[in-house]
Amino acid sequence: MIIKSKNKQLDLTTPQVMGILNVTPDSFSDGGKFTTIERAVEQAEQMIRAGASIIDVGGESTRPGAPDVELEEELQRVIPIIQAIREKHDVWISIDTSKAEVMRQAVEAGADLINDVRALQEPGALEVAAQANVPICLMHMQGQPRTMQSNPTYNHVLDDIKHFLDERITACESAGISRDQLILDPGFGFGKTFPHNYHLLANLEELHKLGLPLLVGMSRKSMLFKLLEKSPSEVIGASIACATIAATKGAHIIRVHDVAETMDAVKIVSITAENK
Ligand code: 9MG
């Protein structure tokens with residue numbers, strides 16, 4: 001599989017690593033360290049050197065309980081950073097947002113991909129994404145970040161997610177977005193209990209039935225650190241284990257904090273697959 005954006009393309013034959021660049025003061029994993037442009041670019045460069053093919057820039061924290069961010073605030077956080085990375089690097093830049101105006105300005109500033117945890121359900125998002133003509137990651141989330149972990153329930157978690165993603169694919173196509181621009185994500189940790197998350201991981205290959213590239217993100221999430229009774233920064237090994245399982249099950253893009261360590265794991269998975 002290949003995704004194309006603007007004048008570039010990304011081969012997904014082997015799993016690609018997406019590095020997380022949180023530019024929120026309340027970021028759960030880096031303590032909000034990278035809020036200035038220079039430090040954000042430095043962090044992006046470190047991830048590029050380590051092998052990330054996509055940098056995911058986000059200005060709204062989506063961790064459980066996180067507050068909403070005003071449009072102007074989100075724009076001020078992400079647009080200068082996208083411009084600064086784009087000036088110096090050809091790397092794929094992804095904008096992690098649900099707001100139509102942030103999507104529009106981010107793509108204009110140089111973003112190549114839209115990563116929307118709300119799967120283009122916010123007002124105007126479908127229309128802006130169709131105009132932007134870049135790949136879009138549609139993620140499943142039950143509820144909203146503020147409340148999503150209170151009591152998530154499903155008839156059957158995997159079927160419900162497949163059904164949701166299928167409906168969003170149809171909505172995108174109706175809005176004029178081509179199916180081959182879409183990437184799907186089950187949304188680990190977004191309105192899901194431990195059993196939901198681990199059932200999804202154990203059966204990840206089921207999502208290939210939708211016929212589109214799969215993106216997954218489990219890095220430093222509570223499905224790891226709460227289970228292991230550790231802090232987010234103490235679950236790098238567990239994050240790599242999840243990335244390895246996902247890569248083995250055919251995930252195409254893996255969204256992580258720890259790019260170098262994940263790259264090593266993905267390379268081992270790829271070389272093992274080549275020697276089958
Ligand atoms: C922004 N964000 C946080 N976690 C994520 C995940 O698992 N997938 C995607 N696509 N985005 C995420």
Side-chain angles (χ1 to χ4, degrees), residues 1-13 15-21 23 44 48 52-60 62 71 74-141 164-187 207 210-217 251-255:
M1 281 177 174
I2 286 181
I3 51 168
K4 295 181 182 169
S5 183
K6 301 180 176 174
N7 59 353
K8 46 166 78 92
Q9 61 180 42
L10 189 60
D11 185 352
L12 303 179
T13 312
Q16 299 297 306
V17 172
M18 170 188 264
I20 300 170
L21 187 60
V23 285
I48 295 167
S53 34
I54 308 172
I55 303 296
D56 191 36
V57 180
E60 182 208 20
T62 48
L71 171 64
E74 195 175 331
L75 286 168
Q76 277 170 26
R77 288 181 189 173
V78 298
I79 301 301
I81 288 165
I82 292 171
Q83 286 168 336
I85 300 172
R86 177 51 69 237
E87 255 172 42
K88 295 174 73 178
H89 299 280
D90 196 31
V91 68
W92 278 65
I93 301 173
S94 159
I95 175 65
D96 155 20
T97 190
S98 297
K99 295 189 182 76
E101 185 57 17
V102 178
M103 291 173 191
R104 195 187 65 73
Q105 292 197 30
V107 172
E108 198 176 282
D112 307 290
L113 192 157
I114 294 168
N115 175 26
D116 186 2
V117 299
R118 295 179 181 82
L120 303 183
Q121 293 181 97
E122 290 297 296
L126 271 173
E127 294 74 14
V128 167
Q131 276 288 319
N133 194 27
V134 295
I136 300 141
C137 178
L138 302 171
M139 198 197 79
H140 173 273
M141 166 164 61
F164 169 85
L165 292 173
D166 213 19
E167 276 187 355
R168 295 313 298 156
I169 295 168
T170 305
C172 286
E173 288 181 316
S174 304
I177 300 169
S178 154
R179 194 182 173 93
D180 62 17
Q181 295 277 70
L182 301 176
I183 299 165
L184 305 177
D185 185 337
L207 294 174
L210 293 166
L212 292 173
L214 285 188
L215 188 156
V216 296
H252 298 90
I253 303 175
I254 305 177
R255 183 180 182 275

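All figures in this text were calculated on a predicted structure; none of them were measured in a lab.
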Minimal heavy-atom distance between Val134 and Ala111, with the atoms involved, is CG1-O, 4.4 Å

Separation between CG (Asn115) and CD1 (Ile253), nearest 0.5 Å, reads 9.0 Å

Discussion item. Tell me whether the count of non-hydrogen atoms from other residues, nucleotides or ligands lying under 6.0 Å of CD in Gln131 goes above 12.
Written reply: no

Under a plain distance cut-off of 3.5 Å, with no hydrogens placed, do Asn133 and Gln181 share a side-chain donor-acceptor pair? yes

Asp96 versus Arg255: any side-chain heavy-atom pair under 4.5 Å? yes

Exercise. Quick check: are there more than 12 heavy atoms from other residues, nucleotides or ligands sitting under 6.0 Å from NZ of Lys6?
Worked result: yes

In this structure, CD1 of Ile55 is separated from CD1 of Ile85 (nearest 0.5 Å) by 6.5 Å

d(Leu215 CG, Ser94 OG) to nearest 0.5 Å is 8.0 Å

Query - No-hydrogen, no-angle side-chain donor-acceptor test under 3.5 Å, Ser98 and Glu60 - result: no

| query | With a 4.5 Å limit on heavy-atom distance, are the side chains of Val78 and Thr97 in contact? | reply | no

Would you say Gln16's side chain and Asp11's backbone share a donor-acceptor pair under 3.5 angstrom? yes

For Lys4 and Trp92 the tightest heavy-atom approach is C-CH2, 3.9 Å

Rounding to 0.5 Å, atoms CD1 (Ile54) and CE (Met18) come to a distance of 4.5 Å

message: Is there a side-chain contact between Lys99 and Glu122 in this structure, where contact means two heavy atoms from C-beta onward sitting under 4.5 Å apart?
response: no

In short, Gly19 meets Ala52 closest at the heavy-atom pair N-CB, 4.1 Å

Min side-chain heavy-atom separation Cys172-Leu138 under 4.5 Å: yes

Rounded to the nearest 0.5 angstrom, the CD-CD distance for Gln83 and Gln105 is 9.0 Å

dist Leu120:CG -> Glu127:CD (nearest 0.5 Å) comes out at 9.5 Å

For Val23 and Gly59, the nearest pair of non-hydrogen atoms, with its separation, is CG2-CA, 4.0 Å

**Prompt:** Would you find a donor on one side and an acceptor on the other, under 3.5 Å apart, between the side chain of Asp112 and the backbone of Ile93?
**Reply:** yes

TODO: Determine whether Ile177 and Ile136 make a side-chain contact, defined as any pair of heavy atoms from C-beta on separated by less than 4.5 Å.
DONE: yes

| query | For Val91, does its backbone N or O pair with a side-chain atom of Arg86 as donor and acceptor, under 3.5 Å? | reply | yes

On a heavy-atom basis, the closest approach of Ile114 and Ala132 is CD1-CB, 4.3 Å

Arg104/Glu101 ion pair, N-O < 4.0 Å
yes

Do Val102 and Leu75 come close enough that some side-chain heavy atom pair is under 4.5 Å? yes

Review point. Can you tell if the side chain of Leu212 reaches within under 4.5 Å of the side chain of Leu165, non-hydrogen atoms only?
Key: no

Nearest heavy-atom approach of Pro15 to Ala251 is CB-O, 3.6 Å

